[in-house]
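Keep in mind that this is a model prediction, so the values were computed, not measured. In what follows, chains carry the letters A, B, and so on, assigned in the order in which the sequence lines appear, proteins first and then strands, with residues in each chain numbered from 1.
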There are 2 protein chains.
Amino acid sequence: MKRPTLKEVAQLAGVSTATVSNAINDKKYVRSEVKEQVYSAMQALNYQPNTIAKSLRKQESRIVGLLISDVANPFFASVARGIEMELAANDYNVLLCNTDSSVEKEREYLEGLIGKRIDGLIVSSAGNTGDYFRSMEETGVPIVFLNRCPQFMNCDVILTNNTRGAYDATEHLIRHGYNRIAIITGPTSLSTGKDRLTGYRRALEDYGISEQDALVKEGRFDIESGYEKMKELLEQEYKPDAVFVSNNSMTLGGYKYLKEKEISIPDQLAVIVFDDPDWAELVDPPVTSVRQPTYELGVQAAKLMMASIKDRKTKHDIMYMDPALIVRQSCGCPADH
Amino acid sequence: MKRPTLKEVAQLAGVSTATVSNAINDKKYVRSEVKEQVYSAMQALNYQPNTIAKSLRKQESRIVGLLISDVANPFFASVARGIEMELAANDYNVLLCNTDSSVEKEREYLEGLIGKRIDGLIVSSAGNTGDYFRSMEETGVPIVFLNRCPQFMNCDVILTNNTRGAYDATEHLIRHGYNRIAIITGPTSLSTGKDRLTGYRRALEDYGISEQDALVKEGRFDIESGYEKMKELLEQEYKPDAVFVSNNSMTLGGYKYLKEKEISIPDQLAVIVFDDPDWAELVDPPVTSVRQPTYELGVQAAKLMMASIKDRKTKHDIMYMDPALIVRQSCGCPADH
DNA sequence: ATCCATCATTTAATCGATTAAATAAACAAA
DNA sequence: TTTGTTTATTTAATCGATTAAATGATGGAT
């Protein structure tokens, strides 16, 4: 029950606590003979150094906070995996926090994390300004913003090139000859929502197609709104002949509606979606999608974090990862070529 | 950069550190007038209590370790979400560890977690004996085993009733009249793999069907083996007329093969799968599945954990959650009824 | 006037490590 | 012999909170 302390190890080994510490941490000036004594004392007592005490003294927790809306979203799950892998390789642990996209919860977690003296924070914020991250930034704790870019902050940001992804998807639909291309977009308060809409618009513009208000539906990046918006699109007077769905959850909802109504893809409606679902090739026709390098996104976020922590670098960048258009058949492309 | 300490707050407020501590933690015997002084001193300095120091003194970290093979697996992602929600409600944080099903990594993480003095561990172990969890158990840290049941341990276990789920699926196929029912099972070294196979066997037995070795394929619970095993089943002499795929990843792989070869479901092969994919209703025909209450599983695991931590209860249970057979059409059932 | 209980606050030890500074020993150089 | 350098180890302070025990007030009961 009670765990042995370094002091007890020292007593058993017949040396001072300083020597034990030096032995454990492989500092110089410890005779190998003494080292052996210390090691066997550790063995004998089954000693496990208390990281909390170490953290207090060294002023570092070796913990990085991860603040996301929901690990159950495959995008975040994959990102989280990448982050955790990379950080673990550097001997850092990840504290997982799900905010449900609630700014209020974000605040609460943040306060807790500050208290926990995390060494860094990787966050995909639901807020658009990020003002309440200031308190953390001021204490010198590095922050990496992931896929959401708050304004006015001096920290690293890593983003999928959302505008580009949306542009490519839209352009692909345009080239197929569709001229009533709809978008189910996310909240424009989020940079992801805004950027994907921008990419869509820019493509239309570049090809001289005027945007139709009726074809732009703003969802909430969740399943329900995906369903709703798809329904609206297909029940309204002015129907689209193609649609770009701007995230995975809304795709799930949107497809549910299409299946229920037995809408034929791509004949009645061509579809391209953002985020490449694991089932993309299992449905008929296979789904054309914009794939984000999710795992890599996590790994890179973690690398930026490690650089900030270790090198104490204060110059920060914004890093873009390119998404890839995975052409399958829901857009109207033939199966073989 | 340097953060204010309780001591500095005390100085500014003109009281002792003990009083500040009492004020913060709402102990009795602090005059409300003094409390106000303390609060405003905290405000003025933007004081955030150092949880690490608190943890050291109170001998509790308020952190629970979560040891799973991979958060990117939707099953674990959902479970993790449930756990985190419930623990957060009790003011505990979750430290996320992905082991990749490697016993070696499990060991390493475990050692780190012991050092970190986590207050509890929720684990879905890849090992079958769990002997190396002994060291943690001995220190009095409660462990909840999730979905995998190690032998010989005195701790809580929460499981989906895997045997039942597999039995129900197999029985359903039998009642459809299929008589060459295959299973793509997981490693039998894992209780999940073993139990699902047991359920399958029991159903066959109960209905007087003799098991055919050629129809039992042991995969590794991953996408690749799902593909392989499905391929084996359909390329061999003795082909099945129905198959039960025993987890989500193998389902993904198995379906990939079926799609490639344009196997018609359920005519050429009826299918029931373990774990209800989010795309179950989007493919044609919709997939009949055994759904585990994943989120609930997480919530319950966390509740067991909280009970162990708070009540210091030493009597431990094994808790079963019932899966549900979601009947759709891949098993051969008609669409409407 | 004395004693006691209750309320309010302070003093100082404590949690378990790290680490700067002090000390000691061994040996070489002048 | 004295001085200095390098190696090896110990002493004691420190990180920032909590908390048991000590101390001071205050007021009521006897």
Exercise. Ignoring backbone atoms, establish whether B:Lys27 has a side-chain N or O less than 4.0 Å from OP1 or OP2 of C:dT9.
Key: no

Self-check item: Sidechain-backbone polar pair: A:Arg62 side chain, A:Asp91 backbone, donor-acceptor under 3.5 Å
Solution: yes

Strictly under 3.5 Å: I want the nitrogen or oxygen pairs between protein and nucleotides 6-8 of chain C, one per line.
from	atom 1	to	atom 2	distance (Å)
C:dC7	OP2	B:Tyr29	OH	3.1

Quiz item: Do the side chain of B:Ser78 and the main chain of B:Phe75 share a donor and acceptor less than 3.5 angstrom apart?
Solution: no

Quiz prompt | A:Ser135 side chain to B:Asn46 side chain, donor-acceptor N/O pair below 3.5 angstrom | solution = no

Self-check item: N/O (side chain, B:Ser16) to phosphate O (OP1/OP2, C:dT11) under 4.0 Å
Solution: no

Quiz prompt | Interatomic distance where CD belongs to A:Glu33 and P belongs to D:dT7 [whole Å] | solution = 18 Å

Listed pairs, N/O of protein and of nucleotides 14-16 of chain C, under 3.5 Å:
from	atom 1	to	atom 2	distance (Å)
C:dT14	O2	B:Arg57	NH1	2.9
C:dC15	O3'	B:Gln59	NE2	3.4
C:dG16	OP1	B:Gln59	NE2	3.3
C:dG16	N2	A:Ala53	O	3.4

Quiz item: Short question: side chain of A:Glu8, backbone of A:Thr5 - any donor-acceptor pair under 3.5 Å?
Solution: yes

Quiz item: Sub-3.5 Å donor-acceptor pair from the side chain of A:Asn25 to the main-chain atoms of A:Lys27, do we have one?
Solution: no

Self-check item: Test: B:Arg81 and A:Asp100 ion pair at under 4.0 Å
Solution: yes

Self-check item: Distance-only polar pair, side chains of B:Ser102 and B:Thr99, donor-acceptor under 3.5 Å
Solution: no

Quiz prompt | Separation of atom CD in B:Glu60 from atom P in D:dT18, rounded to whole Å | solution = 11 Å

Quiz item: So does A:Thr19 get a side-chain nitrogen or oxygen closer than 4.0 Å to the phosphate oxygens (OP1/OP2) of D:dT9?
Solution: no

Quiz item: Do the side-chain N or O atoms of B:Asn22 get closer than 4.0 angstrom to the phosphate oxygens (OP1, OP2) of C:dT9?
Solution: no

Quiz item: Should B:Arg134 and B:Glu137 count as an ion pair when the cut-off is N to O under 4.0 Å?
Solution: yes

